[in-house]
Visitor: 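Please find one structure pasted underneath; my questions will follow.
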Amino acid sequence: MTIEAIEIRKVALPLKEPFRASVGVFCARDVLLVRVVTSDAEGWGECVALPEPRYSAEYVDGAADLLRRFLVPALPPSVDAHGVAPALAPFRGHPMAKAALETAVLDAQLRARGDSLGRYLGAARQRVACGVSVGIMGSVPELLDAVAGYLAQGYVRIKLKIEPGWDIEPVRAVRERFGDDLMLQVDANGAYTPADARHLAGLDAFELALIEQPLAPGDLLGHARLSRRLATPICLDESIESAAQAAAAISLGAAAIVNVKPGRVGGYLEARRIHDLCQAHGVAVWCGDMLESGIGRAANLALAALPGFTLPADTCAAERYFATDVTEPLDYADGHLTVPTGPGIGAAPVKEVLDELTLASEWLGV
Ligand SMILES: CC(=O)N[C@@H](Cc1ccc2ccccc2c1)C(=O)O
Ligand SMILES: [Mg+2]
């Protein structure tokens with residue numbers, strides 16, 4: 001397979017309503033899509049970076065610059081998916097930009113041979129149980145209405161964004177309104193410090209499935225110490241950018257559960273390595289969500305169907321976030337999404353919609 005051309009597209013997906021987390025409030029989701037055109041097929045990948053470096057150090061325009069100046073020029077023309085990470089290794093960091101390029105090459109490669117990403121990764125299920133991530137709201141009544149709406153849509157688990165000043169009270173209200181059987185968890189996006197340990201222990205009263213990323217991404221020791229103060233299992237998200245970091249987190253006792261996001265860890269091949277590592281250590285994994293378009297969403301489902309993904313994914317129907325998406329809708333019913341079975345990631349942009357939502361398109365010399 002020879003790479004003939006690579007395109008990067010900045011696409012604006014308007015959000016149905018603002019999405020607020022401790023890292024900020026977002027009214028639109030600009031995504032960076034990468035298209036790789038080869039002699040046999042073309043493939044797509046999605047960079048999950050935010051418009052500003054608030055979730056991690058990467059951001060959309062920085063990823064575009066990195067792809068343009070460093071990553072695409074470093075790719076050998078006849079590379080396959082397993083050769084992408086080694087070719088990009090001389091450039092440190094930037095897993096999200098690297099993941100988009102590797103995924104586009106993998107998608108093209110799998111399409112060329114009529115193989116689906118699910119089969120390639122080892123999917124064990126046809127459908128994935130979906131939870132939903134609920135943002136920080138203006139009031140508890142507004143939150144309760146939103147949660148009721150998502151439960152009515154069939155979502156099997158509720159995740160609440162929390163931050164100092166919006167944590168104990170909203171969690172108590174949701175637990176009291178919807179009962180003890182509701183699978184409930186929280187995500188702080190690193191908004192707390194070790195000095196908040198006693199306060200966070202107050203969440204133990206609500207039988208949460210996990211508390212996600214309570215402390216700063218780099219503080220593995222802090223999470224290990226905190227895990228000895230909390231009854232609620234700690235799940236890491238931002239802290240885990242590679243299988244090596246997952247191994248360190250597990251051996252330090254910093255993570256009882258891992259939220260796996262292919263974009264955050266450099267791609268689906270590294271995500272599978274993290275899955276395999278966590279399974280070997282009895283650490284549950286589940287698939288996170290970065291408000292991807294249908295491109296990333298479809299690919300994530302193939303990963304979320306692997307055997308070690310035993311907890312509901314954040315990967316929900318795109319309609320939860322967007323009125324319009326660049327791909328056809330995924331098959332969502334009764335709290336489950338169907339894993340695409342078509343070649344490659346099993347989804348591709350609808351040209352008219354993609355062109356309508358494209359803010360910028362750039363062909364990069366290969
Ligand atoms: C669904 C969910 O909670 N996602 C991330 C956080 C997050 C928060 C805000 C975002 C805004 C724009 C794009 C991606 C974003 C991701 C998480 O699990 O930590
Ligand atoms: Mg998270």
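When a ligand or atom number is given, it counts from 1 through the structure's own listing order.
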Visitor: Test your reading of the structure: does Tyr55 have an N or O sitting under 3.5 Å from an N or O of ligand 1?
Guide: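 No, Tyr55 has no N/O under 3.5 Å of an N/O on ligand 1.
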
Visitor: Return yes if a side-chain donor-acceptor contact under 3.5 Å exists between Asp237 and Tyr55, otherwise no.
Guide: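 There is such a pair between these side chains.
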
Visitor: Can you list the residues that meet the side-chain hydrogen bond (donor to acceptor under 3.5 Å, both in side chains) rule with Asp355, with sequence neighbours excluded?
Guide: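 If we apply the side-chain hydrogen bond (donor to acceptor under 3.5 Å, both in side chains) test to Asp355, skipping adjacent residues, the hits are Arg9, Lys351.
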
Visitor: With a cut-off of 4.0 Å, which atoms of ligand 1 are near a heavy atom of Ser133?
Guide: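 Those atoms are 1 (C), 2 (C), 3 (O).
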
Visitor: For Leu291, does its backbone N or O pair with a side-chain atom of Arg29 as donor and acceptor, under 3.5 Å?
Guide: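 Pair found, side chain donor or acceptor close to backbone of Leu291.
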
Visitor: Near Asp334 CG, under 6.0 Å, is it more than 12 heavy atoms from other residues, nucleotides or ligands?
Guide: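 Atom CG in Asp334 is not crowded, with 12 or fewer foreign heavy atoms closer than 6.0 Å.
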
Visitor: Just to be sure I understand the site: which N, O or S atoms from the protein are less than 2.8 Å away from the Mg ion (ligand 2)?
Guide: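 You should have found Asp187 OD2, Glu212 OE2, Asp237 OD2.
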
Visitor: Which of the atoms of ligand 1 are close to Asp237, meaning less than 4.0 Å from one of its heavy atoms?
Guide: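 In order of number, 17 (C), 18 (O), 19 (O).
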
Visitor: Checking Thr232 against Asp204: is there a side-chain donor and acceptor pair closer than 3.5 Å?
Guide: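 The criterion, which ignores hydrogens and geometry beyond distance, is satisfied for Thr232 and Asp204.
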
Visitor: Does Arg20 make a cation-pi contact with Trp166, if we ask for NZ or CZ under 6.0 Å from the ring centre and within 45° of the axis?
Guide: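 No, Arg20 does not sit over the ring of Trp166.
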
Visitor: List in chain and number order the residues that pass side-chain hydrogen bond (donor to acceptor under 3.5 Å, both in side chains) with Ser239, two or more places apart in sequence or in another chain; answer none if no residue qualifies.
Guide: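 Result, side-chain hydrogen bond (donor to acceptor under 3.5 Å, both in side chains) vs Ser239: Gln213.
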
Visitor: Among protein heavy atoms, which sits nearest to atom 8 (C) of ligand 1, and what does the distance come to when rounded to 0.1 Å?
Guide: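 Checking every protein heavy atom, the shortest distance to atom 8 (C) of ligand 1 gives Phe19 CE2, 3.7 Å.
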
Visitor: Counting only heavy atoms not in Arg229 (residues, nucleotides, ligands), do more than 12 fall under 6.0 Å from its CZ?
Guide: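 No, the 6.0 Å shell around CZ holds no more than 12 heavy atoms from other groups.
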
Visitor: Could you pull out, from Glu52, Lys159, Met290, the option with a heavy atom nearest to atom 18 (O) of ligand 1?
Guide: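 Residue with the shortest heavy-atom distance to the ligand atom: Lys159.
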
Visitor: Among all protein heavy atoms, pick the one closest to atom 3 (O) of ligand 1 and tell me residue, atom and distance.
Guide: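 Answer, as residue, atom name and distance: Lys161 NZ, 2.8 Å.
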
Visitor: Taking the six-membered ring of Tyr120 as reference, does the NZ or CZ atom of Arg272 fall below 6.0 Å from its centre and within a 45° cone about the axis?
Guide: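 Yes, Arg272 sits over the ring of Tyr120.
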
Visitor: For residues Ile345 and Ala298, report the shortest heavy-atom separation together with the two atoms involved.
Guide: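 Residues Ile345 and Ala298, closest heavy atoms: O-CB, 3.6 Å.
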
Visitor: Distance under 4.0 Å to a non-hydrogen atom of Tyr321: what atoms of ligand 1 satisfy this?
Guide: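 Ligand 1 atoms under the 4.0 Å threshold to Tyr321: 1 (C).
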
Visitor: Looking at Gly344 and Leu110, what are the two nearest heavy atoms and their distance?
Guide: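 Nearest heavy atoms, Gly344 then Leu110: CA-CB, 3.7 Å.
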
Visitor: Just to be sure I read this right, does ligand 1 sit under 4.0 Å from the backbone of Val48, its side chain, both, or neither, counting only heavy atoms?
Guide: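 Neither part.
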
Visitor: Find all atoms of ligand 1 within a distance of less than 4.0 Å from any non-hydrogen atom belonging to Asn189, and give their numbers and elements.
Guide: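 Every atom of ligand 1 under 4.0 Å from some heavy atom of Asn189: 6 (C), 17 (C), 19 (O).
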
Visitor: Counting non-hydrogen protein atoms only, what is the nearest one to atom 2 (C) of ligand 1? Give residue, atom name and distance.
Guide: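 Sorting protein heavy atoms by distance from atom 2 (C) of ligand 1 puts Asp289 O, 3.5 Å first.
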
Visitor: Minimum distance, heavy atoms only, to atom 17 (C) of ligand 1: which one of Glu238, Gln213, Lys261, Arg20 is it?
Guide: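 Among Glu238, Gln213, Lys261, Arg20, the closest heavy atom to atom 17 (C) of ligand 1 belongs to Lys261.
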
Visitor: Can you name the atoms of ligand 1, numbered from 1 with element, that are less than 4.0 Å from a heavy atom of Glu212?
Guide: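 It comes down to these atoms of ligand 1: 18 (O).
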
Visitor: Checking Asp80 now: which residues fulfil side-chain contact (heavy atoms from CB on, under 4.5 Å) with it, not counting sequence neighbours?
Guide: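 Only His82, Gln109 meet the side-chain contact (heavy atoms from CB on, under 4.5 Å) criterion with Asp80.
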
